[in-house]
2 protein chains.
Amino acid sequence: MTTSANGRRRPPTIHDVAREAGVSRGTVSRFLNGGHYVSPAAGRAVESAIRKTGYVVNRHARSLSTGRSDSVAFLLTEPQEKFFEDPNFNVLLRGCTERLAQHDIPLLLMLAESDDDRRRLTRYITSGHVDGVLLLSNHSGDPVAAELHDAGIPLVVCGKPIGRGTKVSYVAAADREGAQEMVRHLLAGGRRRVGMVTGPLDMPGGPDRLAGYRDVLAEAGLPYDPALVVEGDFRRSGGERAARRLLSQAPDMDAVFVASDLMALGVVNVLQQSGRSVPDDIAVGGFDDSPAATAIAPALTTMRQPFDRISTEMVRMLLAQIAGEDPAGIILPTELVVRDSA
Amino acid sequence: MTTSANGRRRPPTIHDVAREAGVSRGTVSRFLNGGHYVSPAAGRAVESAIRKTGYVVNRHARSLSTGRSDSVAFLLTEPQEKFFEDPNFNVLLRGCTERLAQHDIPLLLMLAESDDDRRRLTRYITSGHVDGVLLLSNHSGDPVAAELHDAGIPLVVCGKPIGRGTKVSYVAAADREGAQEMVRHLLAGGRRRVGMVTGPLDMPGGPDRLAGYRDVLAEAGLPYDPALVVEGDFRRSGGERAARRLLSQAPDMDAVFVASDLMALGVVNVLQQSGRSVPDDIAVGGFDDSPAATAIAPALTTMRQPFDRISTEMVRMLLAQIAGEDPAGIILPTELVVRDSA
DNA sequence: TCATTTTCTGTGATCGTGCACAGCTCCCCT
DNA sequence: AGGGGAGCTGTGCACGATCACAGAAAATGA
């Protein structure tokens with residue numbers, strides 16, 4: 001540590017290390033960046049000088065010089081609780097953190113609830129503070145994706161973007177095909193009055209899962225009855241509301257496909273309170289394979305979203321974009337997990 | 001936007017703006033930092049040049065020059081879910097975000113679960129990337145606080161640190177006094193066999209709330225019975241486990257003080273399942289006044305922690321430290337909220 | 001009118017790195 | 001012996017901003 005005139009500690013620089021080790025700045029810099037072309041003796045000298053001075057690299061200076069920041073943002077543009085209450089979010093976040101850790105890149109979580117937050121963080125990001133952004137799912141009207149894309153920030157969105165205006169990278173599960181498979185499973189169990197609780201239709205995964213449901217009804221020659229379909233909000237409480245509406249609109253329903261496990265928990269709860277037995281009276285199929293799916297009785301039959309692979313792919317694609325590759329979209333298959341509820 | 005030889009867009013710099021506006025770099029810089037000593041005409045020219053070029057400040061360059069980064073980290077050194085499932089955490093996080101927003105400072109949430117993460121983030125922080133850290137840490141053995149303090153990073157911890165080794169700033173609620181008030185309230189209701197579910201005793205709020213409980217027992221001339229005290233983990237599931245142990249160890253218990261609302265939810269649940277009525281058979285007092293406290297029946301009587309003021313104070317103290325003031329500790333009073341459970 | 005302050009402007013120097021370049025030594029190969 | 005490459009080292013410049021300073025222009029005072 002060096003002490004300057006006013007008594008405040010000034011952090012040691014690469015120059016202090018060089019002087020301490022008796023070598024030049026260039027040698028220290030080379031040592032820090034991989035150690036190529038540094039003699040063993042010089043390397044040892046630098047190493048001990050670093051320990052002695054307590055040197056840590058000044059990332060602002062490095063970033064200014066290299067143009068990189070070696071950090072990545074995970075941006076949420078919706079209210080926090082919405083994500084925090086969802087165990088899947090934890091899985092996704094942890095997955096991304098771990099993948100990035102393999103490249104020694106720290107992940108910064110940024111929460112943008114208000115427009116004011118959004119502006120502040122967009123400015124923060126576009127001013128070069130991160131190399132790229134992982135964006136978690138957003139309403140179709142959300143301008144953040146377009147803004148970041150226009151600013152040339154590498155970007156990967158989780159979930160298939162609704163508006164196909166700008167060409168941004170995304171990683172999504174096969175929502176439509178997954179929904180088809182689940183509804184086929186319900187029909188294969190002999191059900192004929194199959195309801196559905198959709199996600200918000202302006203969010204990724206909303207319309208596609210509904211489309212899959214309709215596909216299979218048509219395929220089986222069953223009519224599409226609007227009374228059997230209610231829009232939810234991907235939250236537990238929304239599932240409860242939706243279930244109550246379905247029960248009053250279509251009391252003869254014998255199965256229901258719910259577009260997320262969290263909502264399905266609410267649905268099962270309301271069905272049981274109303275005296276129905278799951279799955280005897282009404283079969284319930286979820287979507288996500290959330291950790292919560294096995295926390296209730298009966299354990300939820302659901303479509304597993306491959307969150308491990310999703311996070312892996314998101315990170316891979318982001319790093320690829322940072323390295324200069326073009327944006328691309330990728331859709332990963334889902335998997336039917338049969339448990340007790342259907 | 002300027003296009004360089006290789007065709008890649010290079011972001012415009014302050015120099016490009018200056019050329020476009022027909023002024024010097026200095027004038028642009030002054031305009032950006034408050035606009036003092038800039039003539040109205042020059043100001044307008046710069047303003048339109050910024051719009052035209054799409055200029056955004058390069059924060060690395062600015063930080064390198066000023067030594068500040070104008071951003072703050074909110075660091076969690078415990079598993080994510082532990083915080084995310086707690087509604088109080090959301091209140092606290094949102095409060096800090098809002099206070100900082102008033103100073104136009106973005107908040108970066110950092111999650112350090114593994115030692116590896118901790119190292120990576122500590123390095124990231126000490127290399128100058130943020131001006132200060134709000135730490136929601138916890139276990140007494142956590143070395144992060146000490147490390148950051150030693151590195152000279154302004155730091156405010158939420159909760160009173162257990163080990164009083166290093167002198168770090170903290171903001172805490174009056175745990176001991178709050179616990180006293182709650183236990184007095186239980187005794188005032190005529191209860192005599194008052195149990196307690198504590199928090200982890202190596203975490204802030206753990207030992208102090210237990211101490212307050214013992215204070216009041218002594219004050220009332222009641223014996224301290226170890227069978228009436230079980231250590232929990234501040235989580236709902238931990239509350240359930242603790243309640244089961246209490247019921248078997250001390251079936252004659254007529255009240256219980258639970259050191260957090262989240263645990264209290266679990267306790268109430270188990271008590272009701274065991275056929276006890278709350279509050280008729282057993283009174284339950286919580287701690288926190290979490291949003292969850294009113295979500296159950298009976299609504300929870302609890303000690304309100306002033307999370308608004310806590311976040312306000314944390315931010316104020318952090319900014320003060322960044323400005324050069326010395327660290328300090330502050331303890332805020334709690335408030336008894338009487339509802340139906342006691 | 002001139003002196004003096006106030007407002008405004010441009011020009012280096014600087015922050016701490018990485019990187020290109022040139023120069024040095026040493027070794028190997030013909 | 002001479003040429004060529006590899007390994008290693010130091011030096012200057014660039015990155016993009018802020019800031020101190022000096023000087024010009026305008027406003028103010030006597």
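This is a predicted model, so every value here is computed, not measured. Lettering follows sequence order; numbering is per chain, from 1. These numbers come from the heavy atoms of this one structure, side chains and all, not from hydrogens, waters or symmetry mates.
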Q: Would you kindly compare Thr66(B) and Ala41(B) by the position of their nearest DNA chain C nucleotide and give the one closer to the 5′ end?
A: Ala41(B)
Kindly say whether, by distance alone, the side chain of [X] makes a donor-acceptor pair under 3.5 Å with the base of [N]?
X        : N       : answer
Arg25(A) : dG18(C) : yes
Arg59(B) : dG16(D) : no
Arg30(A) : dG7(D)  : no

Could you state the atom-to-atom distance from [atom1] of [X] to [atom2] of [N] in whole Å?
X         : N       : atom1 : atom2 : value
His15(B)  : dT18(D) : NE2   : P     : 14 Å
Arg68(A)  : dC15(D) : CZ    : C1'   : 13 Å
His129(B) : dC15(C) : NE2   : C1'   : 15 Å
Leu32(A)  : dC19(C) : CG    : P     : 12 Å
Ile50(B)  : dA17(D) : CD1   : C1'   : 13 Å
Arg62(B)  : dC19(D) : CZ    : C1'   : 13 Å
Asp16(B)  : dC15(D) : CG    : P     : 11 Å
Asp70(B)  : dT18(D) : CG    : P     : 11 Å

Please check the phosphate of [N] (OP1 and OP2 only) for any side-chain N or O of [X] closer than 4.0 Å.
X        : N       : value
Ser24(A) : dG10(D) : yes
Ser39(A) : dT9(D)  : yes
Tyr37(A) : dC24(C) : no
Ser29(B) : dT18(D) : yes
Asn33(A) : dG18(C) : yes

**Q.** Heavy-atom check, side chain of Ile310(A) versus side chain of Leu332(A), under 4.5 Å
**A.** yes
Q) Just wondering, do Phe83(B) and Leu109(B) contact through their side chains at under 4.5 Å, heavy atoms? A) no
Q: Starting from the 5' end of DNA chain D, give me the residue, Gly26(A) or Pro40(A), whose nearest nucleotide shows up first.
A: Pro40(A)
Please pick, from [options], the nucleotide with the shortest atom-to-atom distance to any side-chain atom of [X].
X        : options                   : answer
Thr27(B) : dC15(C), dG10(C), dT9(D)  : dG10(C)
Leu64(B) : dG16(D), dT17(C), dA17(D) : dG16(D)
Ile14(A) : dG10(C), dT17(C), dT18(D) : dT17(C)

Q: Answer with base, sugar-phosphate or nothing: what part of the nucleic acid does Phe31(A) contact at a heavy-atom distance below 4.0 Å?
A: nothing
Q. When you check the gap from the basic side-chain N to the acidic O, do Glu47(B) and Arg44(B) get nearer than 4.0 Å?
A. no
Q) Using 4.0 Å as the upper bound for N to carboxylate O, is an ion pair formed by Asp115(A) and Arg119(A)? A) no
Q: Would you check, one step at a time, whether the test side-chain contact (heavy atoms from CB on, under 4.5 Å) holds for Val23(B) with Val38(B)?
A: CA-CA 11 Å; Val23(B) 298; Val38(B) 175; over 6 Å; no
Q: Only one of Thr122(A), Val133(A), Thr77(A), Leu121(A) passes side-chain contact (heavy atoms from CB on, under 4.5 Å) with Met110(A); say which it is.
A: Leu121(A)
